[in-house]
Amino acid sequence: MHIDTLKNLAIEALEELKARDITQLDVSKLTEVTDLMLIASGTSTRHVAALAQNLVEKAKAAGLHPRGVEGGENADWVLVDLGDIVVHIMLPEARALYDLERLWADLPNDAGAIGDALRQVEERASMS
């Protein structure tokens, strides 16, 4: 499935059950694990679980089998791995605590910069 189609499917599934503050992050240059992350908030643990379940059902109906779902019925954070897109559905408190938007924004945006940053960390460690 084309990534734009998959993104639209995920956003529509989240919006259908009134997810809040849906944000998308292009992480394709930062990691090989996924290309895009969607982050959304739910109003309660039940809402978070319902949003995740709706997303999984919509994905399956479109012929896509999620690679995994982490979290559960009483979780404040559920992750749905759709391959090219990973969806984080969180309570506002968990979202503020983990601040994934800032975490991913602060990473270097290309492989060369990541390698340079790792070398600098290694150099500092060897000097200690």
J.: Output a table of donor-acceptor pairs, distance under 3.5 Å, between side-chain atoms of residues 55-68 and any protein atom two or more places apart or on a different chain; print 'none' if there are none.
T.:
from	atom 1	to	atom 2	distance (Å)
E57	OE2	Q53	NE2	3.0
K58	NZ	E16	OE1	3.3

J.: Does any part of the side chain of L100, heavy atoms only, come nearer than 4.5 Å to the side chain of M37, both counted from C-beta?
T.: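 No, their side chains stay 4.5 Å or more apart.
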J.: Does anything in residues 69-90 pair up under ring pair (Phe, Tyr, Trp, His ring centres under 6.0 Å), and if so which pairs, sequence neighbours excluded?
T.: W77-H88, W77-Y98
J.: If you look at every heavy atom in A75 and T45, which pair is closest and at what distance?
T.: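 Heavy atoms only, the tightest pair is O-CG2, 3.4 Å.
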J.: Has E70 got more than 12 heavy atoms of other residues, nucleotides or ligands less than 6.0 Å from its CD?
T.: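 Check fails, neighbour count at 12 or below.
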J.: Let me confirm one number: the NE2-NZ distance from H2 to K7, rounded to the nearest 0.5 Å.
T.: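 If I round to the nearest 0.5 Å, the distance is 10.0 Å.
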J.: Measure the spacing between CD1 of I39 and CG of L79 and express it to the nearest 0.5 Å.
T.: 10.5 Å
J.: How close do G83 and T34 get, heavy atom to heavy atom, and via which atoms?
T.: O-OG1, 3.0 Å
J.: Quick check for you: to the nearest 0.5 Å, what is the distance between D76 atom CG and S44 atom OG?
T.: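 D76 atom CG to S44 atom OG measures 11.5 Å (nearest 0.5 Å).
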J.: Between OG of S41 and CG of L91, what distance do you get to the nearest 0.5 Å?
T.: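 S41 atom OG to L91 atom CG measures 8.0 Å (nearest 0.5 Å).
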J.: Of all residues at least two apart in sequence or in a different chain, which pass the side chain to side chain contact (heavy atoms under 4.5 Å, CB included) check with K18?
T.: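 K18 satisfies side chain to side chain contact (heavy atoms under 4.5 Å, CB included) with no residue once adjacent residues are dropped.
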J.: Does L97 belong to the same Ile/Leu/Val/Met/Phe/Trp/Tyr cluster as L103, with side-chain heavy atoms less than 4.5 Å apart forming each link?
T.: yes
J.: CD/E15 to CG/N8 distance, rounded to the nearest 0.5 angstrom?
T.: 9.5 Å
J.: Could you measure the distance from the CG atom of L30 to the CG atom of D35? Nearest 0.5 Å is fine.
T.: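 Those atoms lie 11.0 Å apart.
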J.: Heavy atoms only: give me the nearest R95-T23 pair and the separation to one decimal.
T.: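 Where R95 meets T23 most closely, the heavy atoms are NH2-OG1, 3.0 Å.
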J.: Measure across E101 and L25 and return the closest heavy-atom pair with its distance rounded to 0.1 Å.
T.: CA-CD1, 4.0 Å
J.: Quick one: does I3's side chain get under 4.5 Å of I85's, heavy atoms only?
T.: yes
J.: What is the minimum heavy-atom distance between A50 and L17, and which atoms define it?
T.: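 For A50 versus L17, the nearest heavy atoms are O-CD1, 3.5 Å.
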J.: Any sub-3.5 Å donor-acceptor pair from N54's side-chain atoms to A13's backbone N or O?
T.: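 It does hold such a pair.
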J.: Looking only at heavy atoms, what is the nearest atom pair of A40 and L14, with distance?
T.: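 Residues A40 and L14, closest heavy atoms: CB-CD1, 4.1 Å.
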